[in-house]
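Below is one structure, written out as structure tokens; comments come after it.
Just follow the structure's listing: the first ligand is 1, and inside any ligand the first atom is 1. Treat the numbers as computed from the prediction; the structure is a model and nothing was measured. Just the heavy atoms: all of them, side chains too, but no hydrogens, waters or symmetry mates, feed the values below. For reference, positions follow the sequence shown, starting with 1.
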Amino acid sequence: MSKIFKRTSSDLFIDRGTGTDFESRLSALPDYIVSNEKFFLRSHTPTPVIDAEKWRLVIDGSGIRHKTELTYSELNALPQTTIVRTIECAGNGRAFFKDAYGAEAEGGQWLTGAIGNAEWTGVRLRDVLQLAGVLEEASTVMPAALDQKGVSRPMPIEKAMREDTLLVLRMNGETLPPDHGFPARVLASGWAGAACIKWLGRIQVAQETLYSHYNTIEYVLTGPDYTPEGKAPGKQITEMPVTSMLDLDWPGKLRRKDNLLRGRAFAGESRVREVLCQIDGSEWRSAEILPPNIEGSWVRWQMPWDPKPGCHIVRTRAEDERGRAQPDGVPWNDRGYLYHGVIAHPVEVA
Ligand SMILES: Nc1nc2c(c(=O)[nH]1)N[C@H]1C(S)=C(S)[C@@H](COP(=O)(O)O)O[C@H]1N2
Ligand SMILES: [Mo]
């Protein structure tokens with residue numbers, strides 16, 4: 001039996017071999033918004049089936065005045081906010097550690113397609129925390145899921161209170177699809193996808209710092225260049241770094257008459273300021289960034305190109321408004337997160 005609901009045909013997705021992890025083919029995503037059908041999927045468990053009638057969201061812990069339970073219709077009746085944001089998996093690009101270090105980092109060997117951009121509608125997390133009487137002393141907010149593993153990941157209260165941190169009920173105008181977290185998921189804008197907990201059941205609010213498997217064992221940068229952080233053995237992943245990619249398969253296939261290189265760039269909570277592009281080791285040229293360009297969402301970019309038939313190597317490098325730029329390479333981490341170094345993308349021109 002399938003572990004998921006959505007159709008994952010090979011013209012749209014690359015199967016990462018677990019039955020629950022599928023990266024999008026960027027060559028199949030021409031638009032700014034990725035439809036629900038084409039949105040990448042990354043789940044640690046099969047998709048749970050949740051009855052919205054019986055479902056309750058529980059908010060509890062030492063950081064609130066009164067334990068609060070909300071039904072699906074109560075959550076839907078609260079003021080709704082709609083924003084466009086990108087979700088990118090912290091493991092996106094993991095495959096490139098192999099090229100850089102000769103050894104595979106542990107985990108699914110994602111190329112560049114564990115990323116998507118959608119319009120999310122839901123309730124601000126801070127509104128729900130305020131309903132529960134959030135205290136001055138609250139320091140950590142930990143959303144937890146109703147899936148087989150009870151996936152949960154804490155965030156600091158400051159992130160939880162931001163106006164673009166949502167409890168999402170709708171994706172691209174439709175009821176949140178089962179695989180993407182129905183009945184409700186978190187949107188932690190600009191942070192690793194792992195912070196965007198799906199199939200939400202509980203939100204624990206605490207005065208102390210909270211930990212879970214997903215910020216001590218997984219989603220932590222460990223290796224020779226990292227040191228422990230609190231109870232975590234390395235650096236906990238929060239915001240995503242600056243990255244860029246081509247709207248092409250691996251290797252890319254272009255026809256000579258296409259005359260245009262297209263791609264995406266993303267800068268976590270920030271905005272992309274510039275994308276540079278280099279072909280076959282020649283000079284770096286600035287690509288045209290297409291609107292819209294808003295915080296927390298990818299941008300599309302393009303660059304005219306009149307290629308000769310054959311195989312070419314294309315490199316891209318993005319920089320954001322804070323001056324963060326993609327490095328040539330990134331330090332090794334054991335689980336292969338956040339590979340955002342410049343990559344050499346082979347492109348075959350027919
Ligand atoms: N409950 C739960 N939430 C989860 C996950 C999960 O396995 N279980 N995966 C996380 C990870 S690692 C990512 S990258 C995103 C992926 O979101 P998507 O499957 O909607 O694309 O969901 C996050 N939320
Ligand atoms: Mo992820």
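- Evaluation of the salt bridge (Lys or Arg N to Asp or Glu O under 4.0 Å) rule for Glu229 yields no partner, not counting sequence neighbours.
- Under 4.0 Å is where a charged nitrogen must lie from a carboxylate oxygen, and between Arg25 and Asp11 no such pair does.
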Distances only, to 0.1 Å: what are the N or O pairs between ligand 1 and the protein that fall under 3.5 Å?
| unit_1 | atom_1 | unit_2 | atom_2 | d |
| --- | --- | --- | --- | --- |
| ligand 1 | 1 (N) | Asp147 | OD2 | 2.7 |
| ligand 1 | 1 (N) | Lys198 | O | 3.0 |
| ligand 1 | 3 (N) | Lys198 | N | 2.9 |
| ligand 1 | 7 (O) | His44 | N | 2.6 |
| ligand 1 | 8 (N) | Asp147 | OD2 | 3.2 |
| ligand 1 | 9 (N) | Arg42 | O | 3.2 |
| ligand 1 | 17 (O) | Arg185 | NH2 | 3.1 |
| ligand 1 | 19 (O) | Arg42 | N | 3.0 |
| ligand 1 | 19 (O) | Lys198 | NZ | 2.6 |
| ligand 1 | 20 (O) | His180 | ND1 | 2.7 |
| ligand 1 | 20 (O) | Arg185 | NH1 | 2.7 |
| ligand 1 | 21 (O) | Phe40 | O | 2.7 |
| ligand 1 | 22 (O) | Arg185 | NH2 | 3.2 |
| ligand 1 | 24 (N) | Cys196 | O | 3.0 |

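- With sequence neighbours left out, His180 forms a ring pair (Phe, Tyr, Trp, His ring centres under 6.0 Å) with Phe39.
- For the salt bridge (Lys or Arg N to Asp or Glu O under 4.0 Å) test, no residue two or more places apart in sequence or in another chain qualifies with Asp334.
- Figure legend: Arg264 and Trp298 shown as a cation-pi pair, the cationic atom lying under 6.0 angstrom from the six-membered ring centre and within 45 degrees of its axis.
- When only modelled atom types and interatomic distance are considered, Asn76 and Ser73 share no side-chain donor-acceptor pair under 3.5 Å.
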